[in-house]
Amino acid sequence: MTKIVIAGPRGNMGKEAVKMVEATESFTLSAVVDRKNSGKLMKEVSGMEPLDVPIYEDIEECFQETGCDILIDLTTPEHGKNHMLMAFDYGVRPVVGTTGFTDEDVEELSAIAKEKELGAIIAPNFAIGAILMMKFSQMAARYMPDVEIIEQHHDRKLDAPSGTAAKTAQLISEVRDAKQQGHPEETEQMEGARGAEYDGLRIHSVRLPGLVAHQEVIFGGEGQTLKIRHDSMNRASFMPGVKLACDTVLKLDHLVYGLEHIIE
């Protein structure tokens, strides 16, 4: 039985992760880490699942008392990094769904994971369909290098562009030579009208209530366009990817950034 701790259990993703762990026969939920309600059980807190699972505010205390195998962290980049560092100290394998890690953060965490020979996964997006969208986009970019990305998320999202859009652009740049798109003399009549730039391709971020997580990658060629789109309608769409990451991280001895590296 794999013992799991979840950080961020009151968030929309955290609530779904709790349900996923409870529904998986090979997983057991040892504890949750929350910024309040320490010392209580989940069943004693309004809005949480009615479970006899302890709540901790101090993640180190949680690791000391639970002896868990995996940490699922669905908090913020700042907390996520600190939680990962603490997890490494206790031999716990982190599965992190927080976006906003810098390249320097990933390099630092990768070095620690390698030194300790511990598996770890950071996933900007846990939706399997979104990972396939990124893979298909990379494939298309070999033949259609003119491309723009439009990502759409709910209006409570803090980072722009999304981690998924940034990761998509990175994957495309691996097979596409940097090139400036649009007319060479184009000017923005309003700053930002052409979106963010990544090696010459453009990324546009939309933030509106009613949205969850959506991305369209648009390729243009001579007399044709290609659109690759993924839509997450609810947070449950991310749980198969979280489960896959948990199953996989136990077999790793290094950090993996992005689920595309564990999906054939």
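As the structure is a prediction and not an experimental result, all values here were calculated from the model. Just the heavy atoms: all of them, side chains too, but no hydrogens, waters or symmetry mates, feed the values below.
Residue Pro94 comes nearest to Val249 through the heavy atom pair O-CG2, 4.0 Å, listed as atom of the first residue, atom of the second, then distance. Across all non-hydrogen atoms, the minimal contact from Ala141 to Val175 is CB-CG2, 3.9 Å. The two residues Ile55 and Lys36 have their closest heavy-atom pair at CG2-O, 3.8 Å. For the pair Pro9 and Val18, the tightest heavy-atom approach, listed with the atom from each and the gap, is CB-CG2, 4.4 Å. Contact record, Cys62 with Val33: SG-CG2, 4.0 Å, taken as the closest heavy-atom pair. When all heavy atoms of Phe126 and Gly97 are compared, the closest pair comes out as CE1-CA, 3.3 Å.
Counting heavy atoms from C-beta outward, Ile121 and Ile262 have side chains that approach closer than 4.5 Å. Put simply, the side chain of Val95 does not reach to within 4.5 Å of the side chain of Leu71, judged on heavy atoms. Contact of the Gln152 side chain with the Val212 side chain is not registered, since no non-hydrogen atoms from C-beta on lie closer than 4.5 Å. Side-chain atoms of His79 and Thr76, non-hydrogen and from C-beta on, do get closer than 4.5 Å to each other.
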| query | What do the steps show when you test Leu226 against Ile218 for side-chain contact (heavy atoms from CB on, under 4.5 Å), and what is the final call? | reply | CA-CA 6 Å; Leu226 171 66; Ile218 306 174; over 6 Å; no
| field | CA sep, side-chain torsions, deciding dist, call: Val5, Asp73, side-chain contact (heavy atoms from CB on, under 4.5 Å) | value | CA-CA 8 Å; Val5 165; Asp73 189 280; over 6 Å; no
| task | Evaluate the criterion side-chain contact (heavy atoms from CB on, under 4.5 Å) for residue pair Phe101 and Leu109; output intermediate values, then yes/no. | result | CA-CA 10 Å; Phe101 285 97; Leu109 294 164; 4.0 Å; yes
| task | Show the numbers, then the answer: is there a salt bridge (Lys or Arg N to Asp or Glu O under 4.0 Å) between Asp69 and Arg93? | result | CA-CA 6 Å; Asp69 303 304; Arg93 297 167 184 263; over 6 Å; no
| message | Is there a side-chain contact (heavy atoms from CB on, under 4.5 Å) between Lys3 and Phe27? Walk through the geometry before answering. | response | CA-CA 6 Å; Lys3 298 178 181 178; Phe27 294 168; over 6 Å; no
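Counting only distance, with no hydrogens or angles, the side chain of Glu260 and the backbone of Leu132 share no donor-acceptor pair below 3.5 Å. Proximity of a side-chain donor or acceptor of His83 to a complementary backbone N or O of Met86 within less than 3.5 Å is not detected. Put simply, the side chain of Asp58 gets close to the backbone of Glu61: a donor and an acceptor are under 3.5 Å apart. Judged purely by atom type and a 3.5 angstrom limit, Glu22 has no side-chain atom pairing as donor or acceptor with the backbone of Lys19. For the pair Gln215 (side chain) and Ala165 (backbone), a donor-acceptor distance under 3.5 Å is present.
Both Phe238 and Val32 are part of a single hydrophobic cluster, where members link through side-chain heavy atoms under 4.5 Å apart. Both Leu259 and Ile4 belong to a common hydrophobic cluster when Ile, Leu, Val, Met, Phe, Trp and Tyr are linked at side-chain heavy-atom distances under 4.5 angstrom. Following chains of ILVMFWY side-chain contacts shorter than 4.5 Å, one can reach Phe136 starting from Leu201, so the two form part of one hydrophobic cluster. Under a hydrophobic clustering in which Ile, Leu, Val, Met, Phe, Trp and Tyr are joined whenever their side-chain heavy atoms come within less than 4.5 Å, directly or via other members, Leu244 and Leu74 fall into the same cluster. In the hydrophobic clustering of ILVMFWY residues, with side-chain heavy atoms under 4.5 Å counting as a link, Leu118 and Leu252 come out apart.
If you check the side chains of Ser30 and Thr66, you find no donor sitting under 3.5 Å from an acceptor. Side chains of Tyr198 and Gln170: a donor-acceptor N/O pair is absent below 3.5 angstrom, by distance only. Side chain to side chain, Gln138 and Glu174 meet the donor-acceptor criterion of an N or O pair below 3.5 Å.
Between Arg10 and Asp34, at least one side-chain nitrogen of the basic residue sits less than 4.0 Å from a carboxylate oxygen of the acidic one, meeting the salt-bridge criterion. A salt bridge does not link Arg176 with Asp199: every distance from a Lys NZ or Arg NE/NH1/NH2 to an Asp or Glu carboxylate oxygen is 4.0 Å or more.
Evaluation of the side chain to side chain donor-acceptor pair (under 3.5 Å) test over residues 105-123, restricted to residues two or more places apart or in two chains, returns Lys81-Asp105, Lys81-Glu108, Thr102-Asp105.
The environment of Asp155 atom CG is dense: over 12 non-hydrogen atoms of other residues, nucleotides or ligands sit within 6.0 angstrom. The number of heavy-atom neighbours closer than 6.0 Å to NZ of Lys251, taken from other residues, nucleotides and ligands shown, is 12 or below.
Just one residue in the list His153, Arg229, His230 forms a side-chain contact (heavy atoms from CB on, under 4.5 Å) with His214, and that residue is Arg229.
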Taking distance alone, no hydrogens or angles, what donor-acceptor pairs closer than 3.5 Å link side-chain atoms of residues 202-209 to residues at least two apart or in another chain?
| residue | atom | partner | partner atom | Å |
| --- | --- | --- | --- | --- |
| Arg202 | NH1 | Gly195 | O | 3.1 |
| His204 | NE2 | Glu148 | OE1 | 2.7 |
| Ser205 | OG | Glu151 | OE2 | 2.6 |
| Arg207 | NH1 | Glu151 | OE1 | 2.8 |
| Arg207 | NH1 | Glu151 | OE2 | 3.4 |
| Arg207 | NH2 | Glu151 | OE1 | 3.4 |
| Arg207 | NH2 | Glu151 | OE2 | 2.8 |
| Arg207 | NH2 | Asp159 | O | 3.0 |

